[in-house]
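Read the structure below first, then the notes.
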Amino acid sequence: MRLLALAIALLTLPLAASAAPTAFPIEISAGKPPQAVMADGRARLLYELRLTNFAPRAVTVDQLSVSDAQGQVLATYDAKALEAMLQPIGHEPAQPGLLDAGRSLVVFVDLALTADAKVPGALTHKVVFAYTRKNGQTERQEVPGPQVAVAPGSARVIAAPLSGPRWLAANALASLDHRRSQMQSDGHTFTAQRFAIDWIQIGPDGMLARNGGKHNADFYAYGAPVMAVADGTVTAIRDGQPENDGANTDRTVPVTLETIAGDYVIMDLGAGTWALYAHLQPGTLTVKPGDKVKAGQVLGKLGNSGNSDAPHLHFQLMDGPSPLGAEGVPHALAAFVDHGQAKDPAILEGTGAWTPAGAAVPRKAEFPLDNAVVDLPGR
């Protein structure tokens with residue numbers, strides 16, 4: 001009974017001035033430790049923090065600072081910057097950055113180091129919360145966050161799953177679509193698509209498709225050979241799921257955990273890493289579970305099956321053999337030629353044409369930026 005009473009007392013302490021240790025009723029936890037990946041010549045560390053408010057009143061997330069283990073500050077995010085990094089669990093708060101009583105927020109951190117910086121072995125955190133007392137006075141409280149170990153080494157270098165010119169890396173590095181997609185499976189939350197890319201090809205005319213993309217065959221990417229990115233073993237496939245037709249908003253098959261990836265191949269690449277090739281064209285898969293596959297071997301053709309609004313290849317690496325019930329891990333492409341980012345939304349909407357801007361940049365062992373247009377080497 002004394003232990004229970006102590007716990008209740010701790011949770012109902014008034015929001016007080018900073019102390020060491022602080023009794024401020026906020027829990028800060030971290031997800032999967034990040035591993036560095038190079039992008040645009042800089043090391044990037046992508047990971048998540050979860051903030052849970054055990055106080056009987058709301059607080060506002062006012063500032064986040066990230067430092068290395070020696071205390072050198074690597075980045076500071078103010079309230080405005082944090083608005084774009086926070087995602088509530090459940091309903092949207094009344095205002096950006098508000099953490100209601102009994103609620104949680106996820107902070108999606110995308111830490112870009114300076115070009116000459118050494119990747120730290122660990123990251124430390126401090127979060128500043130603002131709150132209003134009953135007398136109307138506003139206070140700020142700094143709370144230490146967890147020390148997060150950085151996974152040793154750098155991202156695994158692989159071959160590209162496609163080849164040819166003008167491949168658009170849609171929903172790539174730190175994009176909202178994949179980065180914020182968290183899935184609950186068997187009582188756990190996973191961010192399987194943390195480093196996923198939707199690959200779609202731009203044609204010689206700068207468009208994604210002919211004739212407005214009414215049918216799959218109108219898309220320049222449709223039917224492209226999808227290749228193994230490394231040696232490995234096929235662990236699972238799905239084949240025969242009907243495709244959607246062209247650019248679409250209605251799916252041919254209802255989207256469930258079983259059908260969301262469409263026709264796919266999952267490969268075990270070894271060292272606790274699996275690759276997912278999703279939305280393939282039914283009837284084109286050339287492998288079956290148990291097959292030993294060599295890098296560059298054709299697995300099937302790019303299609304439009306599953307939760308897909310146009311023909312493309314969804315590709316990701318993960319730490320388990322499940323498309324959604326695993327954690328996404330970074331990868332780097334051995335080589336590609338970077339033509340810069342396609343920043344005009346009309347290009348992705350199929351109403352505008354892409355034109356190169358600036359000189360092409362050869363890159364090695366890097367991850368493409370979001371909406372980068374790249375040439376992938378042939379094999």
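Screening residues 301-322 for salt bridge (Lys or Arg N to Asp or Glu O under 4.0 Å) gives Lys32-Asp319 as the qualifying pairs, with residues at least two apart or on separate chains. The stretch residues 160-171 participates, sequence neighbours left out, in these side chain to side chain donor-acceptor pair (under 3.5 Å) pairs: Asn171-Asp198. Among residues at least two apart or in separate chains, salt bridge (Lys or Arg N to Asp or Glu O under 4.0 Å) pairs with a member in residues 287-297 are Asp231-Lys294, Lys288-Asp291. Listed by first and then second residue, the salt bridge (Lys or Arg N to Asp or Glu O under 4.0 Å) pairs that reach into residues 324-336 are Arg194-Glu327, sequence neighbours excluded. For residues 332-348, the pairs satisfying side chain to side chain donor-acceptor pair (under 3.5 Å) are Asp338-Arg363, His339-Asp375, with sequence neighbours left out. Among residues at least two apart or in separate chains, salt bridge (Lys or Arg N to Asp or Glu O under 4.0 Å) pairs with a member in residues 109-118 are Arg44-Asp110.
Here the side chains of Leu280 and Leu302 are not in contact, with every heavy-atom distance at 4.5 Å or above. Looking only at side-chain heavy atoms (C-beta outward), Val337 and Val374 stay at 4.5 Å or farther from each other. Contact annotation: the side chain of Pro242 approaches that of Thr252 to within less than 4.5 Å [non-hydrogen atoms, C-beta and beyond]. Put simply, the side chain of Leu208 does not reach to within 4.5 Å of the side chain of Tyr220, judged on heavy atoms. The closest side-chain heavy-atom distance from Val143 to Lys126 is not below 4.5 Å. You'll find the side chain of Val119 reaches within 4.5 Å of the side chain of Leu113, heavy atoms only. With a 4.5 Å cut-off on side-chain heavy atoms, His312 and Trp199 do not count as touching. With a 4.5 Å cut-off on side-chain heavy atoms, Phe367 and Ile197 count as touching.
Looking only at distances, a side-chain donor or acceptor of Asp78 sits under 3.5 Å from a matching main-chain atom of Ala81. In terms of modelled atom types and a separation under 3.5 Å, the side chain of Asn216 and the main chain of Gly246 share a donor-acceptor contact. The closest donor-acceptor contact from the side chain of Asn248 to the backbone of Ser308 lies under 3.5 Å.
Nearest approach of Val157 to Ala365, heavy atoms of both residues: CG2-CB, 4.0 Å. The two residues Val287 and Leu299 make their nearest non-hydrogen contact at CG1-CD2, 4.0 Å. What you find for Pro146 and Leu49 is that their closest heavy atoms are CG-CD2, 4.2 Å. Shortest non-hydrogen contact noted between Ser104 and Arg50 is CB-CG, 4.3 Å. Closest approach of Leu74 to Pro120, counting heavy atoms only: CD1-CG, 4.0 Å. The heavy-atom pair separating Leu369 from Ala39 by the smallest distance is CD2-CB, 4.1 Å.
Aromatic rings of Phe315 and Phe195 (six-membered ring for Trp) have centroids beyond the 6.0 Å cut-off, not under it. Ring to ring, Tyr222 and His215 are not that close: their centroids are 6.0 angstrom or more apart.
Partners of Glu83 according to the salt bridge (Lys or Arg N to Asp or Glu O under 4.0 Å) rule, which considers only residues two or more places apart in sequence or in another chain, are Lys80. Listed by chain and number, the residues in a side-chain contact (heavy atoms from CB on, under 4.5 Å) with Ala160 are Leu333, Leu376 (sequence neighbours excluded). Partners of Asp218 under the salt bridge (Lys or Arg N to Asp or Glu O under 4.0 Å) rule, at least two apart in sequence or in another chain, do not exist in this structure. Remark: Glu27 pairs with no residue by the salt bridge (Lys or Arg N to Asp or Glu O under 4.0 Å) rule, at least two apart or across chains. Every residue two or more places apart in sequence or in another chain that forms a side-chain contact (heavy atoms from CB on, under 4.5 Å) with Ala247 is listed here: Phe219. Listed by chain and residue number, Leu64, Tyr77, Leu82, Val107, Val109 satisfy the side-chain contact (heavy atoms from CB on, under 4.5 Å) test with Met85 (two or more places apart in sequence, or in another chain).
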Could you please spell out the steps behind the salt bridge (charged side-chain N to carboxylate O under 4.0 Å, His left out) verdict for Arg179 and Glu48?
CA-CA 10 Å; Arg179 180 79 172 92; Glu48 300 81 46; 2.3 Å; yes
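Here the options are Ile237, Val265, Ile266, the test is side-chain contact (heavy atoms from CB on, under 4.5 Å), and the partner is Pro289; only Ile237 passes.
Judged purely by distance below 3.5 Å, without hydrogens or angles, the side chains of Glu139 and Gln141 never pair a donor atom with an acceptor atom. Using modelled atom types and a 3.5 Å distance limit, the side chains of Gln193 and Ser181 yield a donor-acceptor pair. Gln182 and Thr191 share a donor-acceptor pair across their side chains, judged by distance under 3.5 Å alone. Remark: the Tyr264 side chain and the Asp239 side chain contain no N/O donor-acceptor pair separated by less than 3.5 Å.
Judged by the 6.0 Å distance and 45° axis criteria, Arg140 is not positioned over the aromatic ring of Phe129.
Residue Thr233 holds its OG1 atom at 11.0 Å from CH2 of Trp274, rounded to the nearest 0.5 Å. To the nearest 0.5 Å, atoms CG (Leu98) and CD (Gln95) are separated by 5.0 Å. The distance from the CE atom of Met183 to the OG1 atom of Thr189 is 10.0 Å, given to the nearest 0.5 Å. Remark: Ser67 OG to Gln147 CD distance equals 10.5 Å, nearest 0.5 Å. Atom CG of Asn244 is separated from atom CG of Asp250 by 9.0 Å, given to the nearest 0.5 angstrom. Ile260 CD1 to Ser305 OG: the interatomic distance, rounded to the nearest 0.5 Å, is 12.0 Å.
By the criterion of side-chain heavy atoms lying less than 4.5 angstrom apart, applied directly or through intervening Ile, Leu, Val, Met, Phe, Trp or Tyr residues, Val226 is grouped together with Phe336 in one hydrophobic cluster. The hydrophobic clustering, which links ILVMFWY residues whose side-chain heavy atoms are closer than 4.5 Å, places Leu285 and Val293 together. With hydrophobic clusters built from ILVMFWY side chains whose heavy atoms lie under 4.5 angstrom apart, Leu348 shares a cluster with Trp354.
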